[in-house]
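Every chain is numbered from 1, with letters handed out A, B, ... down the list of sequences.
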There are 2 protein chains.
Amino acid sequence: MAHSDLTIADRIQSGLDTLTRAERQLAHAILENYPASGLGPLSALAKDAQVSGPTVLRMVQKLGFSGYPEFQAELREELRAKAKNPIAKHDTWTEGAPSGHVLNRFTDAVIDNIRHSLAQIEPDAFDEACALMADTGRAVYIVGGRISHTIAEYLYLHMQVIRPGVIHVQSTSNTWPHHLLDIKEGDVVVICDVRRYENNTLKLAEMVHARGSKIILLTDQWRSPVHSLSDICFSSRIVVPSAWDSAVMPLLLIETMISAVQDLLWADTRDRMEALEDMFDQTKLFRKFT
Amino acid sequence: MAHSDLTIADRIQSGLDTLTRAERQLAHAILENYPASGLGPLSALAKDAQVSGPTVLRMVQKLGFSGYPEFQAELREELRAKAKNPIAKHDTWTEGAPSGHVLNRFTDAVIDNIRHSLAQIEPDAFDEACALMADTGRAVYIVGGRISHTIAEYLYLHMQVIRPGVIHVQSTSNTWPHHLLDIKEGDVVVICDVRRYENNTLKLAEMVHARGSKIILLTDQWRSPVHSLSDICFSSRIVVPSAWDSAVMPLLLIETMISAVQDLLWADTRDRMEALEDMFDQTKLFRKFT
DNA sequence: TCATATTTGTAATGTATGATACATCTCGTG
DNA sequence: CACGAGATGTATCATACATTACAAATATGA
């Protein structure tokens, strides 16, 4: 807030006693449905409070603004700040680091990304995507680009355990057409494509689309060109205070999918996981969990 | 609401696909801080979205309003209505999904993990780790296990661009000793090791520790056995309502590190990144960003 | 590759809006 | 009750704003 830490509402409230008759009327009208009424035209507010235009203007000036537009600008600023707050209020995440520390700034941005992205997701689409991936009648192909293949692989590594028929394809590799030789109608292709969208990925999408496969797309807020070919599309906000983009939100989505698919297939997965445990034990790849 | 039960945000949301480039930019700007941005002057919104005034107007008309003022009037009406119903609060992340939906439960857990993990991190240790990774006098080895190698690779792919002398080692591969032949005292080894801690990773840690390398460990709340050998250790909470663990917090940490190291090395990185851009342009690997 | 349609931006225009000057009213005070 | 100082409203003005018309740019399809 430009002028002080107090909101305009607070300031009006505290000064209520010192106001004159018309000003008090006006003050109540503003507070009545705050801040909506203050965001309309001056004349509308005046009419609503049954006072004259100049009275509104004088009040606004008493509050320290040079004019009505400036007053409105601060109201909007309050609104912005309020909308941000629900969880990001935590102004420092790491105690001992100033709020300007990269750890705090970065986390703020990520939480904000999560909030915005989830607000846009349609739960039905999510459930549908999970149902597709849980359908063992369909093969599942998982595709990622240069950077995004890392989270694609993360999805792959888990899906591989959960169900059979999961194939990992790297679109940056020239050999991707080989992996798609056997793809057929009804198969599911999960594509991760965030900006610096890659031509290879688009080509791949076009090919599998032509084959009649279902495309589930994980992309960013601007949406990969693949999205026009996709059956289900999830867009994540990925902007952070960095020269790079954030993969946290896409990863969160992927993990949630893994969890949901796992639940759908629990009966089958159980055996697979136990079998895997046995194999690990035999190969002594892992230490016993202590 | 005057026109329908849907809020303007909903209507914009649902029509996102049918929009053109400039309109989509605008739509995102409106949703970004909704409804504040829509309550300012048309020109301000246009500038914010980096589109022209008329584009805003056309969009508003597409939404069924006769003009911008009418659009704003409904935004204010929504605000009024929302202020009246304090029950319509966001206690869920995705509207339209019950609070018990996996999307909401999972996200709750992840946010909780982030909060707890960051509360435990010592900013000084973080800064020190970044300084080590930014020191081009030291080689940086990045190591991950069976699953964690995906986020280790994510770190690698970025560090590779930021600075020279970055090596990716996969501890699950039998060939890892080959990659460490040249490691020397003072070099930095970033190890990702979360539960199902792997024997190979511990062996590797012991070896590089003996060589006098600095170990930065990313692990979970129970801490990998490597932690006794590590110089700097970050533990992330990774429990989520799933049969699997979450890699979101480790990834968040890694991304923050990338950002911090990038900042420390900005002068040098700049050239590297530009060189990379040129190479991408030449090989036409990526589409031009639209 | 060119031609056409669609999208987008620029510049001009008219109007709604906020600001100003001044007249009127209200209320306290002698 | 009259006077004056502050409060409030009316009428006018200036301008910032939304709107319109048109041109440039971009995408689409032959």
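- Within a 6.0 Å radius of CD in B/Gln61, more than 12 heavy atoms belonging to other residues, nucleotides or ligands are found.
- Atom pair B/Phe71:CZ and D/dT19:P shows a separation of 11 Å (rounding to whole Å applied).
- Counting heavy atoms of neighbouring residues, nucleotides and ligands inside a 6.0 Å radius, atom CD of B/Gln25 exceeds 12 of them.
- The distance between atom CD of A/Gln72 and atom C1' of D/dC17, rounded to the nearest whole Å, is 12 Å.
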Contact pattern, 5' to 3', of nucleotides 6-12 of chain D - B, S or - by protein heavy atom under 4.0 Å: -SBBB--

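- For DNA chain C, the outermost nucleotides in 5' to 3' order that have an atom under 4.0 Å from a heavy atom of chain B are C/dT7 to C/dT10.
- When heavy atoms are screened at a 4.0 angstrom cut-off, A/Leu42 is found touching the sugar-phosphate backbone but no base atom.
- Side-chain contact, A/Glu78 with A/Tyr34: a donor N or O sits under 3.5 Å from an acceptor N or O.
- The local environment of NZ in B/Lys62 is crowded, with over 12 non-hydrogen atoms from other residues, nucleotides or ligands closer than 6.0 Å.
- Between the side chains of B/Asp10 and B/Thr7, a donor-acceptor pair is found at a separation under 3.5 Å.
- Look at CZ on B/Arg24: it is 12 Å from P on D/dA27, rounded to the nearest Å.
- The existence of a salt bridge linking A/Asp108 and A/Arg105 is excluded, since no basic side-chain nitrogen approaches an acidic carboxylate oxygen closer than 4.0 Å.
- Taking the six-membered ring where the residue is Trp, A/Tyr156 and A/His168 present parallel rings, their angle staying beneath 30° rather than reaching 60°.
- B/Glu153 and A/His149 form a side-chain donor-acceptor contact under 3.5 Å, judged by distance and modelled atom types alone.
- For the pair B/Gln61 CD and D/dA18 C1', the interatomic distance rounds to 10 Å; values are reported in whole Å.
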